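Bear in mind the structure is a predicted one, so any value in this text is a computation, not a measurement. For this chain, numbers begin at 1 and follow the sequence in order.
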Amino acid sequence: MTTDIATEVFEEHRSVLMGVAYRMLGRVADAEDVVQEAWLRWSGADRSDIREPRGYLVRVTTRLAIDRLRQVKSRNEAYVGPWLPEPYATDFGNLGNPGNFEGTVEDTAERAVLADSVSLAVLVVLESLSPLERAVFVLREAFGFPYAEIATVLDRGEPAVRQLAGRARKHVGERRPRYEVDPAERRDLTERFLAAAAEGDLEGLMSLLAPDVRLIGDSGGLTKAPLRVIETADKVGRFLLAVAGKNVTDLSFRLLELNGGAAMLVLSGDKPDSVFQLDVVDGRIQCVYIVRNPEKLGSLGNQ
């Protein structure tokens with residue numbers, strides 16, 4: 001296999017490798033580092049013995065991601081305030097917004113699975129899995145890999161992989177939000193949420209919030225955001241109006257698709273300031289995610 005063909009083959013599978021690495025790590029830079037290392041392994045390998053490039057590349061990427069995940073878990077233990085995954089621009093066809101995560105996915109069922117598996121809510125739950133459980137869950141639930149192939153990727157027996165899958169599925173099922181939201185409904189609620197907050201309309205804002213709504217802010221201690229989760233509609237609503245009431249100049253807003261769903265990107269001048277994304281249950285906002293850590297917003301500068 002020539003160098004040009006090797007590059008072409010790798011690029012053909014890059015989006016899948018990035019999808020695996022990001023779901024494993026929740027950070028764009030970490031995922032990109034893993035994919036780059038996978039490229040180095042691929043470019044330096046004896047490719048004459050590799051019959052299935054996709055399987056080889058996924059195996060290398062997953063193993064590298066497991067190693068990196070073990071490193072970053074200790075880093076996250078010292079994180080200031082709540083930790084949220086880094087928002088990532090996707091293009092599953094919900095908003096027609098160009099992205100480069102896995103490309104436009106035409107099949108509705110496949111799009112729903114991919115969007116759900118990369119949502120902030122699910123990625124937060126995946127943080128509580130062991131690295132091996134997370135790898136099995138990502139490969140099986142998000143990408144539909146057969147158990148036998150996952151066993152080869154992880155160098156484990158198939159019965160052990162099935163046990164890991166069962167534990168991971170049970171854990172995620174108990175903790176993941178139970179909702180199915182039409183993308184148009186989420187977009188509409190996101191726009192109404194922004195309008196109510198910007199206009200200081202507490203009554204309008206409260207009408208959108210579930211009574212037990214939660215607000216989770218991620219600043220990493222580098223900028224202002226709540227260091228603890230805020231709960232109940234009254235507290236969340238008043239906090240949002242207090243934040244919106246501050247006179248900050250040169251702010252603009254952009255609706256785009258992040259992590260498979262509608263989100264609001266707030267820009268200060270031409271720099272990303274924060275991201276708001278909502279979990280919606282039965283037509284009401286169940287959770288408000290706010291990412292303000294500047295280290296997690298850099299990849300959104302060109303969105």
Side-chain angles (χ1 to χ4, degrees), residues 19 22 84-124 142 176-210 212-218 233 236-237 239-241 243-244 251-268 272-292 296-297 299-303:
Y22 175 74
L84 290 173
E86 179 177 348
Y88 200 90
T90 53
D91 183 14
F92 298 119
N94 291 337
L95 298 181
N97 183 67
N100 59 357
F101 195 56
E102 272 130 15
T104 301
V105 181
E106 295 181 0
D107 179 73
T108 302
E110 182 185 358
R111 182 171 66 227
V113 170
L114 286 170
D116 180 59
S117 70
V118 82
S119 69
L120 292 185
V122 169
L123 290 176
V124 168
R176 80 194 304 169
R178 302 180 184 279
Y179 59 86
E180 292 184 8
V181 184
D182 180 83
E185 179 185 6
R186 177 179 289 184
R187 176 172 182 159
D188 176 64
L189 273 170
T190 300
E191 292 176 331
R192 289 163 59 195
F193 167 84
L194 175 66
E199 294 169 7
D201 181 5
L202 180 59
E203 183 177 346
L205 191 59
M206 294 291 287
S207 70
L208 303 176
L209 301 176
D212 57 347
V213 64
R214 304 165 72 233
L215 183 146
I216 305 174
D218 178 338
V236 169
F239 170 81
L240 290 169
L241 289 190
V243 172
L251 283 185
S252 59
F253 305 89
R254 189 173 302 164
L255 188 69
L256 70 166
E257 181 183 298
L258 298 177
N259 295 82
M264 192 65 63
L265 173 63
V266 182
L267 297 146
S268 177
D273 174 84
S274 52
V275 162
F276 285 75
Q277 193 162 41
L278 312 175
D279 276 347
V280 178
V281 180
D282 297 329
R284 306 285 288 277
I285 298 169
Q286 194 69 42
C287 189
V288 180
Y289 299 103
I290 306 176
V291 180
R292 298 207 67 224
K296 295 185 179 182
L297 300 175
S299 65
L300 301 178
N302 296 322
Q303 295 300 318

So CD of Q277 and CD1 of I216: to nearest 0.5 Å the spacing works out to 12.0 Å
Applying salt bridge (charged side-chain N to carboxylate O under 4.0 Å, His left out), can you list everything that pairs with E191, at least two apart in sequence or on another chain? R187
What is the distance from atom CG of L120 to atom CG of L258, rounded to the nearest 0.5 Å? 8.0 Å
Any heavy-atom pair between the side chains of L300 and P87 that's under 4.5 Å? yes
Testing the basics here: between A233 and L209, what is the closest heavy-atom pair and its distance to 0.1 Å? O-CD1, 3.7 Å
So, for L205 and A197, which heavy atoms are closest and what is the spacing to 0.1 Å? CD1-N, 4.5 Å
Rounded distance [0.5 Å steps], OG1 in T190 versus CG in L278: 4.5 Å
List for me each residue that meets side-chain contact (heavy atoms from CB on, under 4.5 Å) alongside F253, sequence neighbours excluded, and say none if there are none. L194, M264, V266
Any residue meeting salt bridge (charged side-chain N to carboxylate O under 4.0 Å, His left out) with D188, in chain and number order, not counting sequence neighbours: R192
Who are the salt bridge (charged side-chain N to carboxylate O under 4.0 Å, His left out) partners of R284, not counting sequence neighbours? none
Just so I know, are the side chains of I285 and F193 near enough to count as touching, which here means a heavy-atom distance under 4.5 Å? yes
Please report the interatomic distance CG(L267) to OG(S252), rounded to the nearest 0.5 Å. 4.0 Å
In this structure, CG of D201 is separated from CD of E203 (nearest 0.5 Å) by 6.5 Å
Are any non-hydrogen side-chain atoms of P272 and L265 less than 4.5 angstrom apart? yes
V275 versus K296: any side-chain heavy-atom pair under 4.5 Å? no
Would you mind reporting whether L215 and F276 have side-chain heavy atoms less than 4.5 Å apart? no
Between V124 and P85, the two heavy atoms sitting closest are CG2-CD, 3.7 Å
Take D279 and Y289 through the test side chain to side chain donor-acceptor pair (under 3.5 Å) and record every step on the way to the result. CA-CA 8 Å; D279 276 347; Y289 299 103; 2.8 Å; yes
Applying side-chain hydrogen bond (donor to acceptor under 3.5 Å, both in side chains), can you list everything that pairs with D273, at least two apart in sequence or on another chain? R292
Heavy atoms of S299 and E86 approach each other most closely as OG-OE2, 3.5 Å
So, taking the atom named OH in Y22 and the one named OG1 in T90, what distance separates them when rounded to the nearest 0.5 Å? 9.0 Å
Using side-chain contact (heavy atoms from CB on, under 4.5 Å), reason through V236 and R214 one step at a time and then give a plain yes or no. CA-CA 7 Å; V236 169; R214 304 165 72 233; 6.0 Å; no
Tell me the closest heavy-atom pair linking V122 and S117, and the distance in Å. CG1-O, 4.0 Å
